[in-house]
Amino acid sequence: MSAFATLTLPKPWRRKNSVIPGFGLSMGVTLTLLSLIVLIPLASVLLILKNYSLADFWRVITDSQTVATYRVSFTCALIATTVNVVFGVLLAWILTRYRFPGRRIMDGLIELPFALPTAVAGIALTTLYGTHGWIGSLFDKIDIKISYTQIGITLAMIFIGIPFVVRSIQPVLEKLDGQYEEAAAMLGASRIRIFCRIIFPEILPATLAGFGLAFARSIGEYGSVVFIAGNIPYQTQITPLIIMLKLENFDYLAATSIALVMIVFAFVVLFGINILQAKVLRIAGGAT
Amino acid sequence: MQAKTVERTLIAIGVAFIALMLILPLVTILVYALRQGWEPFMDAITNDYAIKALNLTLLATAITLIVNTGFGLFAAWTITKFRFRGKQVLTTLIDIPFSISPIIAGLVFIMVFGRIGWAYPFLDAWDIKIVFAVPGIVLATIFVTFPFVSRELIPLMQAQGNEEEEAAALMGARWFHIFRKVTFPHIKWGLMYGVILCTARALGEFGAVSVVSGHLRGKTNTLPLHVEILFNEFRLTAAFSVASILVIIAIVILILRNIVEYKLKQEES
């Protein structure tokens, strides 16, 4: 056996409850790597903040230009994710329920924003929606600018978020038993009624999960958003970008403080979605 | 409304969305890359800096894959084969990099190894450079893709249960043999899937790498960073030419992903 197995771990960890060997080694490797790569570096952020007072921290995170970035990031992400929920449900629906030529290719393409490097997506979207781009030039004629405005940021966030929503809903729709829909149809329910009363409650927890993931990703996303956002203070500066700018100016207090706000916000979003999901599942399970 | 009409309308909306939001950007890259013909395209992708950036990207991706595949296997084994207190906490901690902005992923390494980091005096004494150098790029890439492999393996191994491994253990098999002969054949496609997702993200990582790289051309520039520099210098054709290499890799990855997913579904049924 390896040296890890002889480590004296506190009682609860050492509980012998499995005949399968390798607990000490695998737990040791897992905890070591996790600490070295994730936990210790993350904790170092707090170590930096220790040198500053709470008043400094508060002043930095409530600075008016910084607050403006929260507003831009939050509003754009919220709009983009809402759009994604609508199209995500639609895409998941047609991919699972209908058979049409090109369906498999379409299914594979959903994953494109995961596979395409974010910077590549960023420059492509910026050019496409810029005033000389194929779509941007059309909108330019009616005096709507897309690149370097909040519309552009929202579009980039739609691009980056769509796979999260589709991939959350798709497996649930695939497993959904068709007999309730048939029964409802027999009883004369309209298609819209069937969707709202039978299908929607079933996919709601998955939709919420997809919403949470896409929203969190949109808020944190840098590469695909930063090019199309431009860098206009109070208008198109997103929060990850202002962290980057503070770092470039060696303003470590501001960079870490704003980063901490983002980390806390991301946890609140994921935690909130978890609670909401548990609630929906409980109601769907029959207990109130 | 007729059922067929509804179906056709929904499909049309879906196809339009995909075409406009996903395919058009892809076409943009390829058209802009080749709009001045073949020669500028070849010049851009055989440029010395582009080749060096490609090499660095491949190096960082290779190291990331080794570390994260190893970690994913050990973590999934720990979490699915044993019962212990704090398992839920461990699972949550592993997923942290997933919910964190890539910019913050880069920032945390500046706070450890940078001029104000606690490890700086030590590194300085030994003349080791981590941030604004290759090790920093590798670390940042490992961080952002850290949970990719374990996330695919944990649900798969949980669904398969432990009976076979327990039987093997009772018959006296050592753990590595159990893993190789019993567990691995069941999880190989799942592992492959995780590795593919990890590769895609590692190759294209931009935000985190951008923070720790320092953008030294020919030294600490990865391919996505090279694309950024060219774009910001308004050398659009060159930027899109280099980007198109990444697009081709992305398409290959997508195809592989679909093949592996198909194999996975076959195995399940």
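Here is how names work: the chains are called A, B, and so on, in the same order as the sequence lines, proteins then strands, and each is numbered from 1.
Listed here is the closest heavy atom pair of Trp175(B) and Leu25(A): CZ2-CD2, 3.0 Å. Scanning all heavy atoms of the two residues, the minimum distance from Met111(B) to Ser44(A) falls at O-CB, 4.1 Å.
The part of Leu47(A) that comes within reach of chain B is its side chain, from C-beta onward, which places non-hydrogen atoms under 4.5 angstrom from that chain. Only the backbone of Ala173(B) has a heavy atom closer than 4.5 Å to any heavy atom of chain A. Looking at Ile123(A), the atoms closer than 4.5 Å to chain B (heavy atoms on both sides) sit in the backbone and in the side chain alike. For chain B, the nearby parts of Leu112(A) are the backbone and the side chain; heavy atoms of each come within less than 4.5 Å. For Leu39(A), the part sitting under 4.5 Å from any heavy atom of chain B is the side chain, from C-beta outward, and nothing else. Heavy atoms of Ile219(A) lying under 4.5 Å from chain B are absent altogether. Proximity to chain B is limited to the side chain of Leu247(A), based on heavy atoms less than 4.5 angstrom apart. Both the backbone and the side chain of Val211(B) come within less than 4.5 Å of a heavy atom of chain A. Only the side chain of Ile162(A) has a heavy atom closer than 4.5 Å to any heavy atom of chain B. Contact of Leu91(A) with chain B is made through the side chain alone, with heavy-atom distances under 4.5 Å. With a 4.5 angstrom heavy-atom cutoff, Phe250(A) does not touch chain B via any of its atoms. For Phe159(A), the parts lying under 4.5 angstrom from a heavy atom of chain B are both the backbone and the side chain. Only the side chain of Ile18(B) comes within contact range of chain A, with at least one heavy atom under 4.5 Å from a heavy atom of that chain. Looking at Thr126(A), the atoms closer than 4.5 Å to chain B (heavy atoms on both sides) all sit in the side chain, from C-beta outward. In this structure, chain A has heavy atoms under 4.5 Å from both the backbone and the side chain of Phe71(B). Both the backbone and the side chain of Ala255(A) come within less than 4.5 Å of a heavy atom in chain B. Of the atoms belonging to Ile178(B), it is side-chain heavy atoms, and not backbone ones, that fall under 4.5 Å from chain A.
Distance check: Met244(A) CE to Leu107(B) CG gives 10.5 Å after rounding to the nearest 0.5 Å. One finds the OG1 atom of Thr92(B) at 9.0 Å from the CZ atom of Phe267(A) (value rounded to the nearest 0.5 Å).
With respect to chain A, the highest number of heavy-atom pairs below 4.5 Å among Ala200(B), Gly14(B), Gly114(B) belongs to Gly14(B). Residue with the most contacts toward chain A among Asn258(B), Val227(B), Leu10(B): Leu10(B) (heavy-atom pairs, distance under 4.5 Å).
You'll find the side chain of Leu42(A) reaches within 4.5 Å of the side chain of Ile96(B), heavy atoms only. In this structure the side chain of Thr30(A) never reaches within 4.5 angstrom of the side chain of Trp77(B), judged on heavy atoms.
With 3.5 Å as the limit, one finds no donor-acceptor pair spanning the side chains of Thr28(B) and Trp134(A).
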